[in-house]
Peer 1: 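For reference, the structure I am asking about is given below.
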There are 4 protein chains.
Amino acid sequence: MARAALLEAAARLFAGVGFAGVNSNQIAREAGVGVGTFYRHFADKRAVLQALVVAAIEALERDTQRALTQVPSDDVGSQLRGRVEALVSFAERDPDRFRAAFGEPGAGRVPAPSARALERRLRGLQRQGRVDSALHPGAAAKATLSMQFALVSWWLEDRTRVPRPALVETLVRLHPAHRSG
Amino acid sequence: MARAALLEAAARLFAGVGFAGVNSNQIAREAGVGVGTFYRHFADKRAVLQALVVAAIEALERDTQRALTQVPSDDVGSQLRGRVEALVSFAERDPDRFRAAFGEPGAGRVPAPSARALERRLRGLQRQGRVDSALHPGAAAKATLSMQFALVSWWLEDRTRVPRPALVETLVRLHPAHRSG
Amino acid sequence: MARAALLEAAARLFAGVGFAGVNSNQIAREAGVGVGTFYRHFADKRAVLQALVVAAIEALERDTQRALTQVPSDDVGSQLRGRVEALVSFAERDPDRFRAAFGEPGAGRVPAPSARALERRLRGLQRQGRVDSALHPGAAAKATLSMQFALVSWWLEDRTRVPRPALVETLVRLHPAHRSG
Amino acid sequence: MARAALLEAAARLFAGVGFAGVNSNQIAREAGVGVGTFYRHFADKRAVLQALVVAAIEALERDTQRALTQVPSDDVGSQLRGRVEALVSFAERDPDRFRAAFGEPGAGRVPAPSARALERRLRGLQRQGRVDSALHPGAAAKATLSMQFALVSWWLEDRTRVPRPALVETLVRLHPAHRSG
DNA sequence: AATGAATGAGATTTCATTCAT
DNA sequence: TATGAATGAAATCTCATTCAT
């Protein structure tokens, strides 16, 4: 209830005017609750963003895993496309949440667990000779996630700029696991 | 003098605690001048960041162009590597400035002119069949620049995480203009 | 039950951090009841302190009267010592309550009835030539009680500073009714 | 100036409605300065009180020392009376300051340096047999100062209750150094 | 009677900006 | 041109109190 309303309001506002452009009173008002209620549920503005990010990561992870069950587990290409599709669909379903959680804070904000998971996958693929072994797996993971979040967030600002299929295609082909040869 | 000191102080502070974490009095103090002097040189706090970004874009562009003169203009691979080298060297030379100008969400993030220039180059290479024509050039340009700034900013936080050559190699190989085949 | 638990919790907290340093929710939590329950038993926060003070005055008065029955009613010196002993014992038995009720500035501080009673006693002793007649009885009563409450409260903070007998002796000898000659 | 105005305003308000009854905005308004100015000079409300107390202790000490130069240094009785006179005159000269600095915070607020100084004097007099050696000097010092501050503060609330000379006489005669014999 | 989430008035605190010197 | 004390609007945060359950 109050907590959920606050998270939703915060996502809407962060997506609209950016984290720095919003204050706790506005979030409370937008959520239709009192200021005090805001502070009953969150220590401060950053805590809302953090909760938003945590929830978004979990939801995205869930969506992605569900999507991957639809895809042959030995087909790396389909898996990659499945992940990208899941990401874009997730972003489309709740654009405000996506932009609030992943669009806002510049560089460093790629969630560490996601980065580590991708890094592990890349290492595996490198061992199998399916990914360029000259890539630094940590750096490539970080780069890929930053790129994906930035690109999808940018796309959400105005989806007419790029047709959805072109976006997906671009995301797939820029991914280090894509076989370009 | 005062202006330069203020810009340097601002870069240091923005890099350390972010734009929102710094106030104009702190910048002035760090620069060793009075607050009044700050407002004599900059209209407001955002103006410093803006000046920082503009100067950084210009300097980076200058460095890149200089680097490209050292490289055969018909060798796309060398050109790419040259650009990446210039970027990393620029970041190394003044890490605070780089992170303040390109690592912050607050600023313009990926500068639009750079994005347009890269987009044009990608289109050209696509026409020549040197870049995957399934990529959306606008999206790919945006993605590539976001990725580069994010990755280099992240690297600057702790350069021991990734050796410089591995960083460069990763940046080169993740670039859409890189021939993976 | 709830009321007693609330009073005890309030005494503990007021003694520790002072009336102003505590809020009603804390008192309720410390008492192991809900906030609502707090307001079911006390009109507001001040009411707890007031109840604490009233109860403490009554209890102290009761203890003192009981102690005085053990002492020859015509021996002023023994009476005085008996009163002081009763005061110190009372403080020792429930230090938190003593400090909460008498150590705080917020409350009424020196209770007016006690002051008037002491004033009356001093006047009587002055008439009998047993107390310096140059003392202003009202002022001396006020001074004596302030002194006693302040000294005992201070002692309770760290009882190792002054041995109990020395405390009692000092309280007795500083009392206007003590025959120093 | 702003600082002095704030201190004066704070003394007036603390004396009038008590420390807890005042907030920083009121102090600023009463002082005729902006809220921000309050925080330029004091970290918070307690800091003003502290500054007030420190200044008051110094001023009182200065006044007392000056008064004592008028009195034969070997006459303990005159010295005592001189001190008491200095105290009462000080309180009369700036009643708000006195009550704000010494009247407000109940028991414990007797300034430690004053207490130590008095304790030292009492020990000296005890060694000379001029003060009851059964008194605990630390406790007696603490008690005496508490008593003096409480009594004078109370007197200032309504000076008609006790004529000045009776107040002085009472203060002198309740002091442990007074020869009652 | 008991509860505790919700409230909002108000207290605290910050800081971009001004301006008299 | 340089200064930094002063400002007050606005943000952050607290807490006594209420009320639906």
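All chains are named by letter (A, B, ...) in the order of the sequence lines, taking the proteins before the strands, and each is independently numbered beginning at 1. These numbers come from a predicted model, not from an experiment.
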Peer 1: Expressed as a whole number of angstroms, how long is the span from Phe19(D):CZ to dT12(E):C1'?
Peer 2: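 These atoms are roughly 13 Å apart.
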Peer 1: Quick one: CG on Leu6(C) to CE on Met1(C), what's the gap to the nearest 0.5 Å?
Peer 2: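 Rounded to the nearest 0.5 Å, the CG-CE separation comes out at 8.5 Å.
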Peer 1: Would you check, one step at a time, whether the test side-chain contact (heavy atoms from CB on, under 4.5 Å) holds for Phe98(D) with Arg93(D)?
Peer 2: CA-CA 9 Å; Phe98(D) 189 91; Arg93(D) 200 166 318 121; over 6 Å; no
Peer 1: Expressed in angstrom and rounded to an integer, what is the separation of Phe42(D) atom CZ from dT14(E) atom C1'?
Peer 2: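 For the pair Phe42(D) CZ and dT14(E) C1', the rounded distance is 18 Å.
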Peer 1: Please figure out whether Asp44(B) or Val22(D) has its closest DNA chain E nucleotide nearer the 5' end.
Peer 2: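 Nearer the 5' end of the strand: Val22(D).
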Peer 1: Give me the atom names and distance for the closest heavy-atom approach of Ala101(A) to Leu52(A).
Peer 2: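 Where Ala101(A) meets Leu52(A) most closely, the heavy atoms are CB-O, 4.1 Å.
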Peer 1: Taking CD1 from Ile27(B) and P from dG4(F), how many angstroms apart are they, rounded to a whole number?
Peer 2: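 Answer to the nearest Å: 16 Å.
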Peer 1: Can you measure Arg29(B) atom CZ to dA16(E) atom C1' for me and round it to whole angstrom units?
Peer 2: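 Taking CZ of Arg29(B) and C1' of dA16(E), I get 14 Å after rounding.
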Peer 1: Measure all distances between protein nitrogen or oxygen atoms and nitrogen or oxygen atoms of nucleotides 6-10 of chain E, and list the pairs falling under 3.5 Å.
Peer 2:
residue: dA6(E); atom: OP2; partner: His41(A); partner atom: NE2; Å: 2.6
residue: dA6(E); atom: N7; partner: Arg40(A); partner atom: NE; Å: 3.2
residue: dT7(E); atom: OP2; partner: Gly34(A); partner atom: N; Å: 3.0
residue: dT7(E); atom: OP2; partner: Thr37(A); partner atom: OG1; Å: 2.4
residue: dG8(E); atom: N7; partner: Gly36(A); partner atom: N; Å: 3.2

Peer 1: At what distance, to the nearest 0.5 angstrom, does CD1 of Ile57(C) lie from CG of Leu60(C)?
Peer 2: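 Answer rounded to 0.5 Å: 8.5 Å.
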Peer 1: Work out how much the helix from dA2(E)-dT21(F) to dT21(E)-dA2(F) bends between its end axes, five pairs an end, to the nearest 10 degrees.
Peer 2: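 The helix from dA2(E)-dT21(F) to dT21(E)-dA2(F) shows an end-to-end axis angle of 0°.
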Peer 1: Can you tell me if the side-chain N/O atoms of Tyr39(A) get under 4.0 Å from OP1 or OP2 in dT14(F)?
Peer 2: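 So the side-chain polar atoms of Tyr39(A) never come under 4.0 Å of the phosphate oxygens OP1 or OP2 of dT14(F).
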Peer 1: Quick one, Leu7(B) with Phe42(B), criterion side-chain contact (heavy atoms from CB on, under 4.5 Å). Give me CA distance, side-chain angles, the key distance, then yes/no.
Peer 2: CA-CA 10 Å; Leu7(B) 280 170; Phe42(B) 299 100; 3.9 Å; yes
Peer 1: Between Ser146(C) (side chain) and Lys142(C) (backbone), is there a donor-acceptor pair under 3.5 Å?
Peer 2: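 Yes, because the side chain of Ser146(C) sits within donor-acceptor range (under 3.5 Å) of the backbone of Lys142(C).
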Peer 1: Look at the rings of Phe90(B) and Phe102(B) and say which category their plane angle falls in: under 30° parallel, 30 to 60° tilted, over 60° perpendicular.
Peer 2: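 Phe90(B) vs Phe102(B) ring planes: tilted.
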Peer 1: Would you check, one step at a time, whether the test side-chain contact (heavy atoms from CB on, under 4.5 Å) holds for Lys45(D) with Phe19(D)?
Peer 2: CA-CA 8 Å; Lys45(D) 211 173 49 157; Phe19(D) 181 75; 3.7 Å; yes
Peer 1: I need the minimum non-hydrogen distance between Ala2(C) and His41(C), along with the two atoms involved.
Peer 2: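 So the two residues come closest at CB-NE2, 3.5 Å.
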Peer 1: Check whether any side-chain nitrogen or oxygen of Ser24(A) sits under 4.0 Å from OP1 or OP2 of dT12(F), and answer yes or no.
Peer 2: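 For dT12(F), OP1/OP2 do have a side-chain N/O of Ser24(A) under 4.0 Å.
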Peer 1: Over how many whole Å does the gap from Lys45(B) atom NZ to dT17(E) atom P extend?
Peer 2: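 After rounding, the reported distance stands at 9 Å.
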